[in-house]
*Asks:* 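Can you read through this structure? Questions will come right after.
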Amino acid sequence: DTAVSQTPKYLVTQMGNDKSIKCEQNLGHDTMYWYKQDSKKFLKIMFSYNNKELIINETVPNRFSPKSPDKAHLNLHINSLELGDSAVYFCASSQDRHQEKLFFGSGTQLSVL
Amino acid sequence: AQTVTQSQPEMSVQEAETVTLSCTYDTSESNYYLFWYKQPPSRQMILVIRQEAYKQQNATENRFSVNFQKAAKSFSLKISDSQLGDTAMYFCAFRSLIYGQNFVFGPGTRLSVLP
């Protein structure tokens, strides 16, 4: 059983489209995250939710909107996709916001044409 | 704000040899966590090893060990008896214990293990 699963693994779309990436964790963790990994492999936090409450919201364009329907799910919706949004997006979870270990999903490679 | 630096963008090592990856960080906190994560070509991020800053003893996990120098803010990873499966990007990461703070990752070191 996959601990942190995100879908889809690959997403190819045109500029201007709206797309969503879904993430689910079956570890019973309270805290979930979205990270962006750019073409140079640099990983940067985008958002963090603890028990459905937003606790970290880095400087990310308003076109990115996370949604957490329950603590096991954290989806990422992106409006009006731009070329610069092309990256690998990782979902991750930790037991709570104080826990030191991150468990990552396998990533979603987004390509905006 | 904390920063994490990995000064070696790429490294290579012969199979069965030992290699050390460097990491330095900057923080004013006295307690925190440090990690090494591995990202093989499969893209999956895998935790290799972690260290609590309040522990003086260096962490070890099988062939992986760290050299944690708190005063120097240095956290290097040593891989002994390198295997082909160790080929991956390696990320050093810092975890603050302050509420609202998060993991900060270094830029990564691409390690190639050569047969």
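Note that the structure is a prediction, hence the values are computed from the model and not measured.
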*Asks:* Is any side-chain heavy atom of A/Leu43 closer than 4.5 Å to one of B/Met45?
*Replies:*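 A side-chain contact under 4.5 Å exists here.
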*Asks:* Between A/Gln37 and chain B, which part of the residue has a heavy atom less than 4.5 Å away: side chain, backbone, both or neither?
*Replies:*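 Just its side chain gets close to chain B.
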*Asks:* Decide yes or no for B/Tyr33 and A/Lys101: does some side-chain heavy atom of the first lie under 4.5 Å from some side-chain heavy atom of the second?
*Replies:*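 B/Tyr33 vs A/Lys101: side chains apart.
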*Asks:* When only pairs under 4.5 Å are counted, which of B/Arg43, B/Arg110, B/Met89 shares the most heavy-atom pairs with chain A?
*Replies:*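 Among B/Arg43, B/Arg110, B/Met89, the one with the most close pairs to chain A is B/Arg43.
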*Asks:* I'd like to know whether NZ of A/Lys44 has more than 12 heavy-atom contacts from other residues, nucleotides or ligands below 6.0 angstrom.
*Replies:*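 At most 12 heavy atoms, drawn from other residues, nucleotides or ligands, come within 6.0 Å of this atom.
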*Asks:* Tell me, side chain or backbone of A/Ile45 under 4.5 Å from chain B's heavy atoms, or both, or neither?
*Replies:*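 Just its side chain gets close to chain B.
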*Asks:* For A/Gly107, does its backbone N or O pair with a side-chain atom of B/Gln44 as donor and acceptor, under 3.5 Å?
*Replies:*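 Side chain of B/Gln44 to backbone of A/Gly107: no pair is present.
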*Asks:* Consider only side-chain heavy atoms of I, L, V, M, F, W and Y, link residues closer than 4.5 Å, and tell whether B/Val48 and A/Phe90 are in one cluster.
*Replies:*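 As far as the 4.5 Å side-chain criterion goes, A/Phe90 and B/Val48 are not connected within one cluster.
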*Asks:* Answer yes or no: does atom NZ of B/Lys78 have more than 12 heavy-atom neighbours from other residues, nucleotides or ligands under 6.0 Å?
*Replies:*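 Not more than 12 within 6.0 Å, no.
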*Asks:* Apply the test side-chain contact (heavy atoms from CB on, under 4.5 Å) to residues B/Tyr37 and A/Leu102: give CA-CA distance (whole Å), side-chain angles for both, the deciding distance (0.1 Å), then the verdict.
*Replies:* CA-CA 10 Å; B/Tyr37 276 88; A/Leu102 280 179; 3.3 Å; yes
*Asks:* B/Phe105 versus A/Lys41: any side-chain heavy-atom pair under 4.5 Å?
*Replies:*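 When only atoms from C-beta onward are counted, A/Lys41 and B/Phe105 do not touch, as no gap falls below 4.5 Å.
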*Asks:* Between B/Trp36 and B/Leu111, is there shared hydrophobic-cluster membership here, with clusters defined by ILVMFWY side-chain heavy atoms closer than 4.5 Å?
*Replies:*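 Cluster IDs for B/Trp36 and B/Leu111 match.
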*Asks:* Please check if A/Leu11 and A/Ile78 belong to a single hydrophobic cluster, counting links between Ile, Leu, Val, Met, Phe, Trp and Tyr side chain heavy atoms closer than 4.5 Å.
*Replies:*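 Hydrophobic grouping puts A/Leu11 with A/Ile78.
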*Asks:* For atom NZ of A/Lys22, is the number of surrounding heavy atoms from other residues, nucleotides or ligands below 6.0 Å larger than 12?
*Replies:*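 No, because the 6.0 Å sphere around NZ of A/Lys22 holds 12 heavy atoms or fewer from other groups.
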*Asks:* Under 4.5 Å from any heavy atom of chain A, what part of B/Tyr32 do you find: side chain, backbone, both or neither?
*Replies:*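 Neither part; nothing is under 4.5 Å.
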*Asks:* Between A/Tyr35 and B/Phe103, is the ring centroid distance below 6.0 Å?
*Replies:*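 Centroid distance A/Tyr35-B/Phe103: not below 6.0 Å, so no.
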*Asks:* Nearest 0.5 angstrom please: A/Phe103 CZ to B/Leu47 CG, how far?
*Replies:*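 Reported to 0.5 Å precision, the distance equals 7.5 Å.
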*Asks:* Is A/Met32 reachable from A/Leu76 through a run of I, L, V, M, F, W or Y residues, each pair having side-chain heavy atoms under 4.5 Å apart?
*Replies:*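 Both belong to a single hydrophobic cluster.
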*Asks:* For A/Ser48, which atoms come within 4.5 Å of any heavy atom of chain B: side chain, backbone, both, or neither?
*Replies:*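 Contact with chain B is through the side chain of A/Ser48 alone.
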*Asks:* According to a 4.5 Å side-chain heavy-atom criterion applied to Ile, Leu, Val, Met, Phe, Trp and Tyr, with indirect links allowed, do B/Leu84 and B/Leu21 form part of one hydrophobic cluster?
*Replies:*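 Yes: a chain of side-chain contacts under 4.5 Å links B/Leu84 to B/Leu21.
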